[in-house]
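Encoded as structure tokens, the structure appears first; notes follow it.
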Amino acid sequence: MSFASLRSARKSKESRSFVNPLAAQISPGTLTDPGSSPIEGIEGPSSTGDTTGSPKSPSYDVLETVSTDGLYKCLPSYLEVRQVRDAGRGIITKERQKAGSTLIATKPHVTVLSTTYLDSYCSACCGPAPETGLKRCTRCRVVWYCDSCCQNNDWPIHKDECIAIQRWASSAPSPDVAIPSDAIRCLGRILLTQQHRGLDSIWSKEINAMQSHRSSMQPSAVESHTHMAHSLVRYLGIANPAELAPFGLNSAGNLVDLISRFATNTFTLTSFSLTPIGICICPSIALANHSCEPNAAIVFPRSSSLPQAQEPLMHLMAIRDIAPNEQVVAAYVDVTLPRELRQKALQETYSFTCKCKLCTKRMAVDPRAAMWCPKLCGGICPVPTEEDNLTRCTKCNTAVTSADAVLDALRVGQEALDKASSLQIKEPAKAKHITTNMIPILTSANLTPSCHPLLAMTRLHQELLIADLPTSLTQQALDDIIRTTAKYSAGLSSILPEGHPVRGVALAELGKLLAVDEPSPPEIAGMPRGQARFPPSGPARLKLAYETLLKAREELVIGFGADGGGGIIGKEVRETIVRLEKELGVWTHRVKDAIEDARAAKKS
Ligand SMILES: [Zn+2]
Ligand SMILES: [Zn+2]
Ligand SMILES: [Zn+2]
Ligand SMILES: [Zn+2]
């Protein structure tokens, strides 16, 4: 199996984007938290993840239906916009929805690639470069397309965008800022499209109906929005306030409103395997409120049967069964983060305090902040905090005596994670040096694989290992990546529920890595029998790959939709499964042949 695809998907990774690169699943919406979690009797993501159980009726306050004035036509008849207490508008299901069903599938109003990905993904359909390569716009020389078809589809808006990009480049003080940021290009496209479609179009009305948090904005946000307004004006070549009128803006205040709506309604645009490649605006999906224990997730599965002009099709998936009259909630922030960090992120960007069940319930141990029992009884303990450094194993009650050392490790680990993340693109070797040194420190502090910052560090390390693969793959390098991917996948599985797209993708990556041909399988003859060695070699490895991919397929059809068979990533997994079935078949035959040979030898 070729590594090229895995590698190219990671190679350029995230540059500085408007969106938090750690939160591939960010799904910013318009509103505040939905209040307490809707589900009683069923554990959310922190449980072993029952996605098929029967949800009971919701306990939050859903008020009256909101008139949508002919907007949000992409909402199917089984969804409804209603007022939710303390949370503005929200999406409510009228009928029961099964895990793996698509709640909404729609093309976002605006999609924009991050600057790093402009030359590796199509700016129209947002698909990865075809084998024949992408074609560059010969005028601005900044955006690239699959072919003339994608270019023509984009031309009505790119026509003006192209001029704006050239204008920006001509006044850029240095080459490294010659391309406007994704945020500025996205805002530019909103205004240009509004002008193109008309201010009375449904498209424009849906943009203007998105809610903002302008009144409760943090001072830091005010500053950044003002900065953005200046850049946007320069980008569009607006010389004085009167020139804002054709864009439907009557004053500078209108412009700040637009930026505020943009800031709280931006989604991460991801590849079919969840690599964050840009940002997008989708008013209908933005109606979904936030929960740290979401029942829905956003993906871009892509389909080989869909015309390119309809891509990227954004899907809001039910990741567990949703009862009638239950609110549909997605996560705006990375839910693998512990509570304080989630709350901080939500406060900074969306100005609200989350009161979901995960944020309010008392948990014996949150796997996001957990360590192994000091006596290694198999139980886990909460990690100590500054306020509470007396923690005990929940199984055998042994006290953690190394509280200071653990606190140090957590602090140093977070600093190292921030540093390594910031170096990931520009100086990957330095970043890898940091993760390589830090993981053993966190592990020896007894943190579980799901504990922050070990989980995030493991993920970053895995990405760096894949990006840095030697051209001639060695057994050691491959096994090292497999072990890291397995640790990451194990950490995720104690946090995210079965069927969560992030979990499915991690399993698919692990399975695919296990299925890579071993460059030089170690001699296993000398190994003691039954000795657990990970990853195994030979037929045992293929079998593990096969089982992992079967599990991945099961989860991907939930996270990426049963109808499309789990999207492109589901298709890749199915193809590898078929290949492995053949290879495993060959092995079985060989074993059978060997047994028969032995029998024949005995007889003769
Ligand atoms: Zn395209
Ligand atoms: Zn152009
Ligand atoms: Zn929460
Ligand atoms: Zn214990």
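All values below come from the heavy atoms of this structure, side chains included, with hydrogens, waters and symmetry mates left out.
- Between Glu161 and Arg185 there is no salt bridge, since no side-chain N of the basic residue sits under 4.0 Å from a carboxylate O of the acidic one.
- Side-chain N/O atoms of Arg89 and Asn289 include no donor and acceptor closer than 3.5 Å.
- With sequence neighbours left out, the side chain to side chain donor-acceptor pair (under 3.5 Å) criterion links Asn240 to Glu243.
- For the 3.5 Å distance criterion, the side chains of Gln211 and Thr264 fail to qualify, holding no donor opposite an acceptor.
- Between the Ser204 side chain and the Asp200 main chain, no donor and acceptor come within less than 3.5 Å of each other.
- Listed here is the closest heavy atom pair of Leu75 and Ser284: CD2-CB, 4.5 Å.
- Taking each heavy atom of Arg503 and Pro497 in turn, the nearest pair found is CD-O, 3.5 Å.
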Run the side chain to side chain contact (heavy atoms under 4.5 Å, CB included) check on Lys107 and Met314 step by step: do they pass?
CA-CA 6 Å; Lys107 204 175 167 176; Met314 186 176 189; over 6 Å; no
Sequence neighbours left out, cut at 3.5 Å: what donor-acceptor pairs do the side chains of residues 173-180 make with other protein atoms?
residue, atom, partner, partner atom, Å
Ser174, OG, Asp176, OD1, 2.4

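- Side-chain contact between Met210 and Ile281 is present, with heavy atoms from C-beta onward closer than 4.5 Å.
- Gly248 and Asn254 get closest at one heavy-atom pair: O-OD1, 4.4 Å.
- Side-chain contact between Ile104 and Leu79: present, with at least one pair of heavy atoms (C-beta onward) separated by less than 4.5 Å.
- Other residues, nucleotides and ligands contribute only 12 or fewer heavy atoms inside 6.0 Å of the CD atom of Glu223.
- Atom NZ in Lys159 sits 10.0 Å away from atom CG in Leu192 (nearest 0.5 Å).
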In sequence, state the C-alpha distance, the side-chain angles, and the governing distance for Leu358 and Val335, and then conclude on side chain to side chain contact (heavy atoms under 4.5 Å, CB included).
CA-CA 10 Å; Leu358 188 67; Val335 295; 5.6 Å; no
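- Judged by distance alone, the side chain of Thr275 and the main-chain N or O of Ser271 form no donor-acceptor pair under 3.5 Å.
- Among residues two or more places apart in sequence or in another chain, the side-chain contact (heavy atoms from CB on, under 4.5 Å) test is passed with Ala124 by Cys122, Tyr145, Cys150, Asp154.
- Legend: residues meeting salt bridge (Lys or Arg N to Asp or Glu O under 4.0 Å) with Lys571, ordered by chain and number and at least two apart, are Glu575.
- Shown here are the side-chain contact (heavy atoms from CB on, under 4.5 Å) partners of Thr102, two or more places apart in sequence or in another chain: Ala105, His315, Met317.
- In this structure, Leu556 and Ala508 approach most closely via the heavy-atom pair CD1-CB, 4.2 Å.
- Going from atom OH of Tyr235 over to atom CD1 of Ile165 covers 4.5 Å, rounded to the nearest 0.5 Å.
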Audit row: Ile184, Arg234, side chain to side chain contact (heavy atoms under 4.5 Å, CB included) steps and yes/no:
CA-CA 10 Å; Ile184 294 305; Arg234 189 185 128 211; over 6 Å; no
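- Contact check on Glu509 versus Arg459 returns a salt bridge, with a Lys/Arg side-chain nitrogen under 4.0 Å from an Asp/Glu carboxylate oxygen.
- Here the side chains of Gln424 and Leu464 are in contact, with some heavy-atom distance below 4.5 Å.
- Note: Tyr332 and Tyr350 meet the aromatic proximity criterion, with ring centroids under 6.0 Å apart.
- At a threshold of 4.5 Å between non-hydrogen side-chain atoms, the residues Phe300 and Pro108 count as touching.
- Pro246 meets the side-chain contact (heavy atoms from CB on, under 4.5 Å) test with Gln195; sequence neighbours excluded.
- Around NZ of Lys94, the count of heavy atoms belonging to other residues, nucleotides or ligands within 6.0 Å exceeds 12.
- Atom CH2 in Trp144 sits 15.5 Å away from atom OH in Tyr121 (nearest 0.5 Å).
- In this structure the side chain of Val328 never reaches within 4.5 angstrom of the side chain of Ile92, judged on heavy atoms.
- Of all heavy-atom pairs between Ile319 and Pro294, the closest is CD1-O, 3.8 Å.
- Judged by distance alone, with hydrogens and angles left aside, the side-chain atoms of Ser201 form a donor-acceptor pair with the main-chain N or O of Gly198 at under 3.5 Å.
- When all heavy atoms are compared, the tightest approach of Val505 to Ser273 is CG1-O, 3.6 Å.
- Rounding to the nearest 0.5 Å places CD of Glu206 at 9.0 Å from OG1 of Thr68.
- Separation of atoms NZ (Lys357) and OG (Ser291) is listed at 10.0 Å; rounding is to 0.5 Å.
- For Gln414 and His452, the side-chain atoms include at least one donor-acceptor pair closer than 3.5 Å.
- The CD atom of Glu311 lies 7.0 Å from the SG atom of Cys125; values are rounded to the nearest 0.5 Å.
- Looking at Phe262 and Met228, their side chains come closer than 4.5 Å, going by heavy atoms from C-beta outward.
- The main-chain N or O of Leu71 is never found under 3.5 Å from a side-chain atom of Asp69 such that the two would form a donor-acceptor pair.
- Using a 4.5 Å heavy-atom cutoff, the side chains of Asp147 and Leu134 are not in contact.
- Remark: side-chain polar atoms of Gln166 are paired, donor with acceptor, to backbone N or O of Cys162 under 3.5 angstrom.
- Ion pairing between a basic and an acidic side chain is recognised when a charged N comes within 4.0 Å of a carboxylate O; Glu326 and Arg320 show such pairing.
- No donor-acceptor distance shorter than 3.5 angstrom exists from the side chain of Ser260 to the backbone of Val256, with no hydrogens or angles considered.
- Side-chain contact between Gln343 and Cys359 is present, with at least one heavy-atom pair separated by less than 4.5 Å.
- Side chain of Arg189 to main chain of Val110: no donor-acceptor pair is present (N/O by atom type, distance under 3.5 Å, no hydrogens or angles).
- Checked for salt-bridge contact, Glu415 and Lys419 miss the test: no charged N lies under 4.0 Å from a carboxylate O.
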List the steps, then state whether side chain to side chain contact (heavy atoms under 4.5 Å, CB included) holds for Ile279 with Ser114.
CA-CA 7 Å; Ile279 54 178; Ser114 304; 5.8 Å; no
